Enquirer: 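Mind looking over this structure? Questions follow.
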Amino acid sequence: MEQNKPQTEQELTQQAAVRRQKLADLCEAGHNPFEITKYAQDAYSADLKNEFADLPAEAETGKIVSLAGRMMSKRIMGKASFAHLRDQKGDIQIFVKRDLLGDEAYAAFKKLDIGDIIGVKGEVFRTKMGEISVRISELTLLSKSLLPLPEKFHGLTDREARYRQRYVDLIMNPEVKDTFVKRSLILKEIRAYLDEKGFLEVDTPILTPFEIGASARPFYTHHNTLNMDMVLRIETELYLKRLIVGGMDRVYEVGRIFRNEGMDPKHNPEFTTIELYQAFTDFHGMMDLVEEMYKRLALKVCGSLEITYQGKQIDMGHWERLTMVEAVKKYSGVDFNDWKTDEDAIVAAKEHHVELPEVPTKGAILAEFFDAFVEDKLIQPTFIYDYPVEISPLAKRKPTDPAFTERFEYFIDCTEYGNAFSELNDPIDQKARFERQVAERKAIEPDCKAQVDYDYVNALEYGLPPTGGLGFGVDRLVMLLTDSASIRDVLLFPTMKPID
(Lines give C-alpha, C1' and ligand atoms only; values in the text may rest on other atoms or scores of the structure.)
Protein backbone atom coordinates (compact mmCIF):
# COMPACT_ATOMS: atom_id res chain seq x y z
CA MET A 1 0.00 0.00 0.00
CA GLU A 2 1.46 3.38 -0.94
CA GLN A 3 1.58 5.94 1.83
CA ASN A 4 -0.82 8.88 1.64
CA LYS A 5 -2.98 7.47 -1.16
CA PRO A 6 -6.63 6.54 -0.70
CA GLN A 7 -7.50 2.92 -1.32
CA THR A 8 -10.05 2.03 -3.94
CA GLU A 9 -12.29 -0.99 -3.42
CA GLN A 10 -10.25 -2.83 -6.06
CA GLU A 11 -7.04 -2.24 -4.11
CA LEU A 12 -8.44 -3.68 -0.90
CA THR A 13 -7.47 -7.23 -0.18
CA GLN A 14 -10.20 -9.82 0.06
CA GLN A 15 -9.67 -9.97 3.83
CA ALA A 16 -10.12 -6.23 4.15
CA ALA A 17 -13.28 -6.38 2.05
CA VAL A 18 -14.67 -9.09 4.35
CA ARG A 19 -13.94 -6.91 7.38
CA ARG A 20 -15.75 -3.96 5.83
CA GLN A 21 -18.75 -6.14 5.17
CA LYS A 22 -18.73 -7.24 8.82
CA LEU A 23 -18.71 -3.58 9.86
CA ALA A 24 -21.60 -2.84 7.52
CA ASP A 25 -23.56 -5.75 9.01
CA LEU A 26 -22.88 -4.51 12.54
CA CYS A 27 -24.02 -1.00 11.66
CA GLU A 28 -27.19 -2.35 10.01
CA ALA A 29 -27.95 -4.33 13.18
CA GLY A 30 -27.51 -1.19 15.31
CA HIS A 31 -24.11 -2.19 16.74
CA ASN A 32 -21.77 0.36 15.16
CA PRO A 33 -18.60 0.04 17.29
CA PHE A 34 -17.40 3.51 16.31
CA GLU A 35 -20.31 5.07 18.20
CA ILE A 36 -18.89 3.83 21.53
CA THR A 37 -17.04 6.65 23.29
CA LYS A 38 -15.45 4.99 26.34
CA TYR A 39 -14.99 1.77 28.28
CA ALA A 40 -14.50 1.37 32.03
CA GLN A 41 -11.11 -0.37 32.24
CA ASP A 42 -10.05 -1.23 35.81
CA ALA A 43 -7.19 -3.75 35.42
CA TYR A 44 -4.13 -4.54 33.28
CA SER A 45 -2.59 -7.81 32.12
CA ALA A 46 0.83 -7.57 33.79
CA ASP A 47 -0.64 -6.41 37.10
CA LEU A 48 -2.97 -9.41 37.23
CA LYS A 49 -0.15 -11.83 36.40
CA ASN A 50 1.97 -10.32 39.20
CA GLU A 51 -0.89 -10.28 41.71
CA PHE A 52 -1.73 -13.95 41.13
CA ALA A 53 1.76 -15.26 40.40
CA ASP A 54 1.42 -17.91 43.13
CA LEU A 55 -2.10 -19.07 42.16
CA PRO A 56 -2.12 -22.85 41.56
CA ALA A 57 -3.45 -24.45 38.33
CA GLU A 58 -7.25 -24.57 37.94
CA ALA A 59 -7.70 -22.23 40.93
CA GLU A 60 -10.31 -19.44 41.03
CA THR A 61 -9.72 -15.94 42.43
CA GLY A 62 -13.25 -14.57 42.67
CA LYS A 63 -11.84 -11.30 41.30
CA ILE A 64 -13.94 -9.67 38.55
CA VAL A 65 -12.03 -7.30 36.25
CA SER A 66 -12.66 -5.16 33.18
CA LEU A 67 -9.90 -5.18 30.56
CA ALA A 68 -9.59 -3.41 27.22
CA GLY A 69 -7.15 -3.86 24.34
CA ARG A 70 -6.43 -5.43 20.98
CA MET A 71 -7.24 -9.07 20.24
CA MET A 72 -3.98 -10.64 19.02
CA SER A 73 -5.04 -14.29 18.60
CA LYS A 74 -8.20 -16.41 18.59
CA ARG A 75 -8.82 -20.17 18.81
CA ILE A 76 -12.41 -21.26 18.26
CA MET A 77 -13.14 -24.64 19.90
CA GLY A 78 -16.89 -25.25 19.58
CA LYS A 79 -18.66 -24.08 22.71
CA ALA A 80 -15.54 -22.59 24.29
CA SER A 81 -12.72 -20.54 22.79
CA PHE A 82 -9.49 -18.85 23.76
CA ALA A 83 -8.06 -15.51 22.65
CA HIS A 84 -5.22 -13.21 23.69
CA LEU A 85 -5.84 -9.58 24.52
CA ARG A 86 -2.97 -7.06 24.42
CA ASP A 87 -3.32 -3.98 26.60
CA GLN A 88 -1.01 -1.18 27.75
CA LYS A 89 1.07 -3.55 29.90
CA GLY A 90 1.21 -6.79 27.92
CA ASP A 91 -0.85 -9.83 26.86
CA ILE A 92 -3.35 -11.93 28.77
CA GLN A 93 -5.42 -14.96 27.76
CA ILE A 94 -9.21 -14.70 27.77
CA PHE A 95 -11.48 -17.75 27.97
CA VAL A 96 -14.80 -17.33 26.16
CA LYS A 97 -17.54 -19.87 26.95
CA ARG A 98 -20.89 -19.89 25.14
CA ASP A 99 -22.83 -20.95 28.25
CA LEU A 100 -21.48 -18.02 30.23
CA LEU A 101 -21.49 -15.35 27.52
CA GLY A 102 -24.79 -16.31 25.86
CA ASP A 103 -25.55 -17.63 22.37
CA GLU A 104 -25.88 -14.27 20.60
CA ALA A 105 -22.77 -12.71 22.19
CA TYR A 106 -20.75 -15.89 21.57
CA ALA A 107 -21.78 -15.88 17.90
CA ALA A 108 -20.70 -12.21 17.71
CA PHE A 109 -17.35 -13.10 19.31
CA LYS A 110 -16.72 -15.81 16.69
CA LYS A 111 -17.09 -13.15 13.96
CA LEU A 112 -14.43 -10.90 15.50
CA ASP A 113 -11.10 -10.51 13.70
CA ILE A 114 -7.51 -10.45 14.91
CA GLY A 115 -6.69 -6.77 15.50
CA ASP A 116 -10.17 -5.78 16.72
CA ILE A 117 -10.19 -3.68 19.88
CA ILE A 118 -12.43 -5.13 22.56
CA GLY A 119 -13.51 -4.59 26.16
CA VAL A 120 -14.08 -7.66 28.36
CA LYS A 121 -15.35 -8.31 31.85
CA GLY A 122 -14.85 -11.54 33.79
CA GLU A 123 -13.19 -13.49 36.58
CA VAL A 124 -9.45 -14.10 36.86
CA PHE A 125 -8.41 -17.76 37.18
CA ARG A 126 -5.54 -20.09 36.26
CA THR A 127 -6.14 -22.73 33.57
CA LYS A 128 -5.26 -26.40 33.77
CA MET A 129 -2.23 -25.57 31.55
CA GLY A 130 -1.11 -23.02 34.15
CA GLU A 131 -1.89 -19.72 32.35
CA ILE A 132 -3.45 -16.79 34.20
CA SER A 133 -6.64 -16.04 32.25
CA VAL A 134 -9.94 -14.17 32.45
CA ARG A 135 -13.21 -16.11 32.05
CA ILE A 136 -15.40 -13.70 30.13
CA SER A 137 -18.97 -12.86 31.13
CA GLU A 138 -19.29 -9.70 28.99
CA LEU A 139 -17.58 -8.71 25.73
CA THR A 140 -17.88 -5.44 23.77
CA LEU A 141 -16.41 -4.61 20.35
CA LEU A 142 -14.96 -1.11 20.80
CA SER A 143 -13.29 -0.56 17.42
CA LYS A 144 -13.26 -2.63 14.22
CA SER A 145 -9.88 -3.25 12.61
CA LEU A 146 -10.53 -2.88 8.88
CA LEU A 147 -7.06 -3.96 7.75
CA PRO A 148 -5.57 -7.37 8.65
CA LEU A 149 -2.36 -7.29 10.68
CA PRO A 150 0.68 -8.53 8.73
CA GLU A 151 1.78 -12.07 9.52
CA LYS A 152 5.42 -10.94 9.68
CA PHE A 153 6.53 -7.41 10.42
CA HIS A 154 10.02 -7.53 11.87
CA GLY A 155 13.67 -7.94 10.99
CA LEU A 156 15.83 -6.23 8.40
CA THR A 157 13.63 -6.89 5.37
CA ASP A 158 10.68 -5.04 6.85
CA ARG A 159 12.65 -2.20 8.46
CA GLU A 160 11.59 0.50 5.96
CA ALA A 161 7.94 -0.52 6.31
CA ARG A 162 8.28 -0.54 10.10
CA TYR A 163 9.59 3.04 10.15
CA ARG A 164 6.88 4.23 7.75
CA GLN A 165 4.07 2.51 9.63
CA ARG A 166 5.28 2.76 13.21
CA TYR A 167 1.72 2.13 14.40
CA VAL A 168 1.86 -1.39 12.92
CA ASP A 169 5.41 -1.88 14.20
CA LEU A 170 4.27 -1.11 17.75
CA ILE A 171 1.37 -3.56 17.47
CA MET A 172 3.46 -6.41 16.04
CA ASN A 173 6.75 -5.91 17.93
CA PRO A 174 6.17 -5.17 21.62
CA GLU A 175 9.92 -4.81 22.24
CA VAL A 176 9.86 -1.68 20.05
CA LYS A 177 7.54 -0.06 22.56
CA ASP A 178 10.06 -0.91 25.31
CA THR A 179 12.66 1.26 23.54
CA PHE A 180 10.32 4.25 23.59
CA VAL A 181 9.30 3.64 27.19
CA LYS A 182 13.03 3.76 27.99
CA ARG A 183 13.41 6.94 25.94
CA SER A 184 10.75 8.56 28.09
CA LEU A 185 12.47 7.29 31.25
CA ILE A 186 15.82 8.72 30.07
CA LEU A 187 14.30 12.16 29.53
CA LYS A 188 12.52 11.98 32.88
CA GLU A 189 15.78 11.07 34.65
CA ILE A 190 17.77 13.83 32.92
CA ARG A 191 15.15 16.38 33.93
CA ALA A 192 15.10 15.05 37.51
CA TYR A 193 18.92 15.23 37.71
CA LEU A 194 19.09 18.81 36.37
CA ASP A 195 16.13 19.97 38.46
CA GLU A 196 17.88 18.60 41.59
CA LYS A 197 20.96 20.63 40.60
CA GLY A 198 18.88 23.82 40.56
CA PHE A 199 18.47 24.14 36.78
CA LEU A 200 15.29 25.69 35.38
CA GLU A 201 13.72 24.19 32.24
CA VAL A 202 12.81 26.86 29.66
CA ASP A 203 11.53 27.14 26.08
CA THR A 204 13.11 29.32 23.40
CA PRO A 205 11.97 30.09 19.82
CA ILE A 206 12.04 27.40 17.14
CA LEU A 207 11.40 29.98 14.39
CA THR A 208 14.27 32.47 14.29
CA PRO A 209 14.58 35.68 12.25
CA PHE A 210 17.74 34.86 10.29
CA GLU A 211 20.45 32.30 9.58
CA ILE A 212 23.49 32.57 11.85
CA GLY A 213 27.01 32.03 10.55
CA ALA A 214 27.43 28.49 11.89
CA SER A 215 28.25 25.75 9.38
CA ALA A 216 25.01 23.75 9.89
CA ARG A 217 22.52 24.30 7.05
CA PRO A 218 19.06 25.45 8.16
CA PHE A 219 15.54 24.94 6.86
CA TYR A 220 13.76 28.08 5.64
CA THR A 221 10.08 28.91 5.92
CA HIS A 222 7.99 32.08 5.41
CA HIS A 223 5.91 34.07 7.88
CA ASN A 224 2.93 35.49 5.99
CA THR A 225 1.81 38.18 8.45
CA LEU A 226 5.31 39.62 8.89
CA ASN A 227 6.11 38.90 5.21
CA MET A 228 9.57 37.62 6.09
CA ASP A 229 11.56 34.46 5.66
CA MET A 230 12.30 32.66 8.90
CA VAL A 231 14.71 29.90 9.84
CA LEU A 232 14.10 26.75 11.87
CA ARG A 233 16.68 26.77 14.65
CA ILE A 234 19.91 24.81 14.36
CA GLU A 235 20.69 25.23 18.09
CA THR A 236 19.22 26.69 21.28
CA GLU A 237 22.47 28.19 22.53
CA LEU A 238 22.25 31.90 21.85
CA TYR A 239 18.79 32.34 23.38
CA LEU A 240 19.71 30.31 26.48
CA LYS A 241 22.83 32.41 27.09
CA ARG A 242 20.72 35.57 26.82
CA LEU A 243 18.84 34.18 29.84
CA ILE A 244 22.12 33.77 31.78
CA VAL A 245 22.78 37.47 31.03
CA GLY A 246 19.31 38.17 32.44
CA GLY A 247 20.17 36.53 35.76
CA MET A 248 18.67 33.05 35.27
CA ASP A 249 21.86 31.34 36.46
CA ARG A 250 21.04 27.70 35.57
CA VAL A 251 18.85 26.94 32.57
CA TYR A 252 18.27 24.03 30.21
CA GLU A 253 16.05 23.22 27.26
CA VAL A 254 14.96 19.90 25.80
CA GLY A 255 14.79 21.19 22.25
CA ARG A 256 13.86 20.00 18.80
CA ILE A 257 16.62 21.00 16.36
CA PHE A 258 16.43 21.13 12.54
CA ARG A 259 19.36 20.78 10.13
CA ASN A 260 18.96 20.57 6.37
CA GLU A 261 21.76 18.06 5.95
CA GLY A 262 22.51 14.40 5.27
CA MET A 263 20.79 11.35 6.73
CA ASP A 264 22.52 8.22 7.99
CA PRO A 265 22.22 5.81 10.96
CA LYS A 266 23.32 8.60 13.33
CA HIS A 267 21.67 11.65 11.72
CA ASN A 268 18.05 12.70 11.14
CA PRO A 269 17.07 16.18 9.81
CA GLU A 270 15.12 16.86 13.02
CA PHE A 271 16.43 15.62 16.32
CA THR A 272 16.32 16.35 20.04
CA THR A 273 19.10 17.98 22.02
CA ILE A 274 19.48 19.16 25.57
CA GLU A 275 21.49 22.33 26.06
CA LEU A 276 22.25 23.61 29.55
CA TYR A 277 24.12 26.61 30.89
CA GLN A 278 25.42 27.24 34.40
CA ALA A 279 26.79 30.58 35.58
CA PHE A 280 30.00 30.76 37.61
CA THR A 281 31.45 27.44 36.46
CA ASP A 282 33.62 26.35 33.53
CA PHE A 283 34.00 23.42 31.14
CA HIS A 284 35.58 21.27 33.85
CA GLY A 285 32.37 21.70 35.86
CA MET A 286 30.47 20.51 32.79
CA MET A 287 32.77 17.43 32.53
CA ASP A 288 31.95 16.47 36.11
CA LEU A 289 28.24 16.97 35.43
CA VAL A 290 28.31 14.77 32.29
CA GLU A 291 30.15 11.95 34.06
CA GLU A 292 27.82 12.00 37.08
CA MET A 293 24.67 12.21 34.94
CA TYR A 294 25.67 9.41 32.53
CA LYS A 295 26.57 7.08 35.41
CA ARG A 296 23.18 7.75 36.98
CA LEU A 297 21.38 7.10 33.67
CA ALA A 298 23.24 3.83 33.05
CA LEU A 299 22.33 2.55 36.51
CA LYS A 300 18.71 3.68 36.25
CA VAL A 301 18.00 2.52 32.69
CA CYS A 302 20.37 -0.46 32.29
CA GLY A 303 20.82 -1.48 35.93
CA SER A 304 24.62 -1.41 35.67
CA LEU A 305 27.60 0.81 34.83
CA GLU A 306 28.77 -1.96 32.48
CA ILE A 307 26.55 -1.78 29.41
CA THR A 308 26.59 -3.58 26.08
CA TYR A 309 26.32 -1.56 22.86
CA GLN A 310 26.29 -3.42 19.53
CA GLY A 311 28.35 -6.28 20.96
CA LYS A 312 30.89 -4.04 22.73
CA GLN A 313 31.25 -3.79 26.51
CA ILE A 314 31.21 -0.14 27.57
CA ASP A 315 32.31 0.83 31.09
CA MET A 316 30.28 3.90 31.98
CA GLY A 317 32.03 4.01 35.35
CA HIS A 318 35.40 5.06 33.87
CA TRP A 319 35.98 8.21 31.78
CA GLU A 320 39.39 9.10 30.29
CA ARG A 321 40.33 12.80 29.87
CA LEU A 322 42.80 13.86 27.12
CA THR A 323 43.56 17.17 25.38
CA MET A 324 43.20 17.09 21.60
CA VAL A 325 46.97 17.57 21.28
CA GLU A 326 47.60 14.60 23.66
CA ALA A 327 45.10 12.40 21.82
CA VAL A 328 46.57 13.15 18.36
CA LYS A 329 50.08 12.47 19.64
CA LYS A 330 48.94 9.24 21.35
CA TYR A 331 47.23 7.77 18.29
CA SER A 332 49.14 9.28 15.33
CA GLY A 333 52.60 10.01 16.79
CA VAL A 334 52.37 13.58 15.44
CA ASP A 335 53.04 16.39 17.94
CA PHE A 336 51.22 19.68 17.32
CA ASN A 337 53.91 21.48 19.31
CA ASP A 338 56.45 20.64 16.56
CA TRP A 339 54.50 22.81 14.07
CA LYS A 340 55.82 26.38 14.14
CA THR A 341 53.70 27.65 11.21
CA ASP A 342 50.59 26.75 9.23
CA GLU A 343 52.94 25.56 6.46
CA ASP A 344 54.50 23.00 8.85
CA ALA A 345 51.01 21.67 9.58
CA ILE A 346 50.16 21.45 5.86
CA VAL A 347 53.36 19.46 5.21
CA ALA A 348 52.54 17.07 8.08
CA ALA A 349 48.99 16.61 6.78
CA LYS A 350 50.25 15.72 3.31
CA GLU A 351 52.80 13.28 4.73
CA HIS A 352 50.09 11.49 6.72
CA HIS A 353 47.45 11.68 3.95
CA VAL A 354 45.20 13.85 6.12
CA GLU A 355 42.59 15.91 4.30
CA LEU A 356 43.22 19.65 4.38
CA PRO A 357 40.40 21.84 5.72
CA GLU A 358 38.95 24.69 3.64
CA VAL A 359 40.99 27.18 5.68
CA PRO A 360 44.25 25.24 6.37
CA THR A 361 45.49 26.68 9.68
CA LYS A 362 47.45 24.76 12.34
CA GLY A 363 44.42 24.43 14.59
CA ALA A 364 42.05 23.34 11.85
CA ILE A 365 44.60 20.76 10.62
CA LEU A 366 44.97 19.41 14.19
CA ALA A 367 41.21 18.78 14.16
CA GLU A 368 41.56 16.90 10.85
CA PHE A 369 44.30 14.73 12.39
CA PHE A 370 41.93 14.00 15.27
CA ASP A 371 39.20 12.90 12.83
CA ALA A 372 41.63 10.73 10.86
CA PHE A 373 43.56 9.04 13.69
CA VAL A 374 41.74 9.36 16.99
CA GLU A 375 37.94 9.28 16.83
CA ASP A 376 37.65 5.66 15.68
CA LYS A 377 39.80 4.53 18.67
CA LEU A 378 37.58 6.05 21.36
CA ILE A 379 35.35 3.11 22.31
CA GLN A 380 35.31 3.69 26.07
CA PRO A 381 33.93 7.01 27.42
CA THR A 382 36.51 9.72 26.75
CA PHE A 383 36.59 13.50 27.15
CA ILE A 384 38.69 15.29 24.52
CA TYR A 385 39.32 18.90 25.56
CA ASP A 386 41.26 22.06 24.60
CA TYR A 387 39.98 22.50 21.03
CA PRO A 388 41.59 24.89 18.49
CA VAL A 389 39.98 28.33 18.38
CA GLU A 390 39.37 28.00 14.60
CA ILE A 391 36.70 25.33 15.13
CA SER A 392 35.24 26.76 18.37
CA PRO A 393 33.70 30.18 17.62
CA LEU A 394 31.66 30.30 20.85
CA ALA A 395 34.19 28.96 23.38
CA LYS A 396 36.44 31.01 25.63
CA ARG A 397 40.16 31.07 24.76
CA LYS A 398 42.57 29.38 27.17
CA PRO A 399 44.30 32.16 29.13
CA THR A 400 47.58 30.20 28.99
CA ASP A 401 47.39 29.48 25.23
CA PRO A 402 45.02 31.65 23.15
CA ALA A 403 45.32 29.31 20.13
CA PHE A 404 43.08 26.90 22.05
CA THR A 405 39.72 27.14 23.74
CA GLU A 406 38.16 25.76 26.89
CA ARG A 407 36.03 23.25 25.06
CA PHE A 408 35.48 19.50 25.21
CA GLU A 409 33.57 16.86 23.33
CA TYR A 410 32.97 13.40 24.73
CA PHE A 411 33.05 10.15 22.78
CA ILE A 412 31.67 6.65 23.33
CA ASP A 413 31.98 3.84 20.79
CA CYS A 414 33.84 6.12 18.34
CA THR A 415 30.93 8.58 18.28
CA GLU A 416 30.68 12.13 19.58
CA TYR A 417 27.87 12.43 22.16
CA GLY A 418 28.13 16.02 23.34
CA ASN A 419 29.95 19.32 23.25
CA ALA A 420 30.75 21.77 26.05
CA PHE A 421 32.50 25.10 26.58
CA SER A 422 33.65 27.63 29.04
CA GLU A 423 31.40 30.11 27.26
CA LEU A 424 32.90 33.11 25.49
CA ASN A 425 31.71 36.17 27.41
CA ASP A 426 33.96 38.85 25.87
CA PRO A 427 31.59 40.76 23.52
CA ILE A 428 34.45 42.31 21.50
CA ASP A 429 36.08 38.93 20.84
CA GLN A 430 32.66 37.35 20.14
CA LYS A 431 31.73 40.04 17.59
CA ALA A 432 35.04 39.60 15.77
CA ARG A 433 34.65 35.81 15.67
CA PHE A 434 31.06 36.01 14.42
CA GLU A 435 32.05 38.44 11.67
CA ARG A 436 34.97 36.25 10.61
CA GLN A 437 32.74 33.14 10.65
CA VAL A 438 30.12 34.80 8.41
CA ALA A 439 32.83 36.15 6.05
CA GLU A 440 34.34 32.65 5.71
CA ARG A 441 30.90 31.14 4.99
CA LYS A 442 30.20 33.76 2.30
CA ALA A 443 33.63 33.26 0.73
CA ILE A 444 32.83 29.55 0.31
CA GLU A 445 29.10 30.04 -0.45
CA PRO A 446 28.52 33.53 -1.93
CA ASP A 447 24.73 33.03 -2.02
CA CYS A 448 24.34 32.01 1.64
CA LYS A 449 22.16 34.28 3.79
CA ALA A 450 24.18 34.00 7.01
CA GLN A 451 24.24 37.03 9.30
CA VAL A 452 25.92 38.05 12.53
CA ASP A 453 23.56 37.95 15.52
CA TYR A 454 24.31 41.47 16.69
CA ASP A 455 21.52 41.33 19.28
CA TYR A 456 23.38 38.49 20.99
CA VAL A 457 26.56 40.60 20.98
CA ASN A 458 24.45 43.42 22.46
CA ALA A 459 23.30 41.04 25.23
CA LEU A 460 26.93 40.14 26.00
CA GLU A 461 27.74 43.84 26.38
CA TYR A 462 25.44 43.92 29.42
CA GLY A 463 27.65 41.23 30.98
CA LEU A 464 27.62 37.44 30.80
CA PRO A 465 29.16 35.89 33.94
CA PRO A 466 31.75 33.10 33.58
CA THR A 467 29.54 30.26 32.37
CA GLY A 468 29.83 26.57 31.57
CA GLY A 469 27.64 25.29 28.74
CA LEU A 470 26.83 21.80 27.46
CA GLY A 471 24.84 20.40 24.54
CA PHE A 472 24.19 16.74 23.83
CA GLY A 473 22.00 14.69 21.51
CA VAL A 474 19.17 12.83 23.21
CA ASP A 475 18.67 10.43 20.28
CA ARG A 476 22.26 9.13 20.34
CA LEU A 477 22.07 8.72 24.12
CA VAL A 478 18.86 6.69 23.75
CA MET A 479 20.55 4.56 21.05
CA LEU A 480 23.40 3.85 23.49
CA LEU A 481 21.21 2.95 26.47
CA THR A 482 18.77 0.81 24.43
CA ASP A 483 21.45 -0.89 22.28
CA SER A 484 19.86 0.47 19.08
CA ALA A 485 21.93 0.49 15.87
CA SER A 486 20.16 3.33 14.05
CA ILE A 487 18.73 6.70 15.05
CA ARG A 488 15.55 5.62 13.25
CA ASP A 489 15.08 2.91 15.90
CA VAL A 490 14.75 5.56 18.61
CA LEU A 491 12.59 8.09 16.72
CA LEU A 492 8.91 7.19 16.66
CA PHE A 493 8.46 8.82 13.26
CA PRO A 494 11.81 9.27 11.47
CA THR A 495 12.01 11.40 8.34
CA MET A 496 11.29 9.22 5.29
CA LYS A 497 11.21 9.85 1.56
CA PRO A 498 7.67 9.29 0.18
CA ILE A 499 7.29 5.95 -1.62
CA ASP A 500 6.02 7.59 -4.80
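What you are looking at is a predicted structure, and each value in this text was computed from that prediction instead of being measured. Residue numbers run from 1 in the order of the sequence given.
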Enquirer: Might you work through the salt bridge (charged side-chain N to carboxylate O under 4.0 Å, His left out) test for D264 and R488, ending with a clear yes or no?
Expert: CA-CA 9 Å; D264 63 35; R488 292 179 172 192; over 6 Å; no
Enquirer: Taking the cut-offs as 6.0 angstrom to the six-membered ring centre and 45 degrees off its axis, would you call K449 and Y220 a cation-pi pair?
Expert: yes
Enquirer: Does E60 pair with R126 as a salt bridge, N-O distance under 4.0 Å?
Expert: no
Enquirer: Would you mind checking if R256 and E270 are paired as a salt bridge, meaning a charged N to carboxylate O distance below 4.0 Å?
Expert: yes
Enquirer: Suppose we screen for ring pair (Phe, Tyr, Trp, His ring centres under 6.0 Å). Which residues come up paired with F421, at least two apart in sequence or across chains?
Expert: none
Enquirer: Any non-hydrogen side-chain atom of L305 less than 4.5 Å from a side-chain atom of I307?
Expert: no
Enquirer: Would you mind reporting whether I384 and E375 have side-chain heavy atoms less than 4.5 Å apart?
Expert: no
Enquirer: Going by distance alone, is a donor N or O of one side chain under 3.5 Å from an acceptor N or O of the other, for Y387 and E409?
Expert: yes
Enquirer: For residues 32-41, which residue pairs qualify under side-chain hydrogen bond (donor to acceptor under 3.5 Å, both in side chains), counting only residues two or more places apart or in two chains?
Expert: none
Enquirer: Would a distance-only check, ignoring hydrogens and angles, find a side-chain to backbone donor-acceptor pair under 3.5 Å from Y309 to S484?
Expert: yes
Enquirer: Going by the rule side-chain contact (heavy atoms from CB on, under 4.5 Å), which residues pair with T204 if we only count those two or more places apart in sequence or in a different chain?
Expert: R233, T236, Y239, L240, E253
Enquirer: Show the atom names and distances, to 0.1 Å, of all donor-acceptor pairs under 3.5 Å that link a side chain in residues 94-101 to residues at least two apart or in another chain.
Expert:
none

Enquirer: Tell me which one of L139, V120, I136 satisfies side-chain contact (heavy atoms from CB on, under 4.5 Å) with F109.
Expert: L139
Enquirer: Residues in side-chain hydrogen bond (donor to acceptor under 3.5 Å, both in side chains) with H353, at least two apart?
Expert: none
Enquirer: Between S304 and E306, is there a donor-acceptor pair closer than 3.5 Å when you use the side chain of the first and the backbone of the second?
Expert: yes
Enquirer: Is the NZ or CZ atom of R250 both under 6.0 Å from the centre of the six-membered ring of F199 and within 45° of that ring's axis?
Expert: yes
Enquirer: Could you check R183, R296, K295 and say which one makes a salt bridge (Lys or Arg N to Asp or Glu O under 4.0 Å) with E189?
Expert: R296
Enquirer: What pair of heavy atoms forms the shortest contact from N419 to R407, and how long is it?
Expert: OD1-NE, 2.9 Å
Enquirer: Can you find a side-chain donor-acceptor pair between Y417 and Y294 that sits under 3.5 Å?
Expert: no
Enquirer: Keeping to residues at least two apart or across chains, list the salt bridge (Lys or Arg N to Asp or Glu O under 4.0 Å) pairs with something in residues 67-87.
Expert: R86-D91
Enquirer: Just jot down the side-chain hydrogen bond (donor to acceptor under 3.5 Å, both in side chains) partners of N260, sequence neighbours excluded, or say none.
Expert: none
Enquirer: Under 3.5 Å, is there a donor-acceptor pair linking the side chains of Q165 and D169?
Expert: no
Enquirer: Can you name the side-chain contact (heavy atoms from CB on, under 4.5 Å) partners of A216, sequence neighbours left out?
Expert: I234, R259, E261
Enquirer: Does any donor atom in the side chain of Q313 or T308 lie under 3.5 Å from an acceptor atom in the other side chain?
Expert: yes
Enquirer: Got a sec, which residues hit side-chain contact (heavy atoms from CB on, under 4.5 Å) with N227, two or more places apart in sequence or on another chain?
Expert: H222
Enquirer: Scan for salt bridge (Lys or Arg N to Asp or Glu O under 4.0 Å) pairs involving residues 208-227, sequence neighbours excluded, and state none if there are none.
Expert: E211-R441, R217-E445
Enquirer: Tell me, which pairs form a side-chain hydrogen bond (donor to acceptor under 3.5 Å, both in side chains) where one or both residues lie in residues 110-125, sequence neighbours left out?
Expert: K22-D113, D113-K144, D116-K144
Enquirer: Does any pair with a residue in residues 307-320 pass salt bridge (Lys or Arg N to Asp or Glu O under 4.0 Å), and if so which ones, sequence neighbours excluded?
Expert: K312-D413, E320-K330
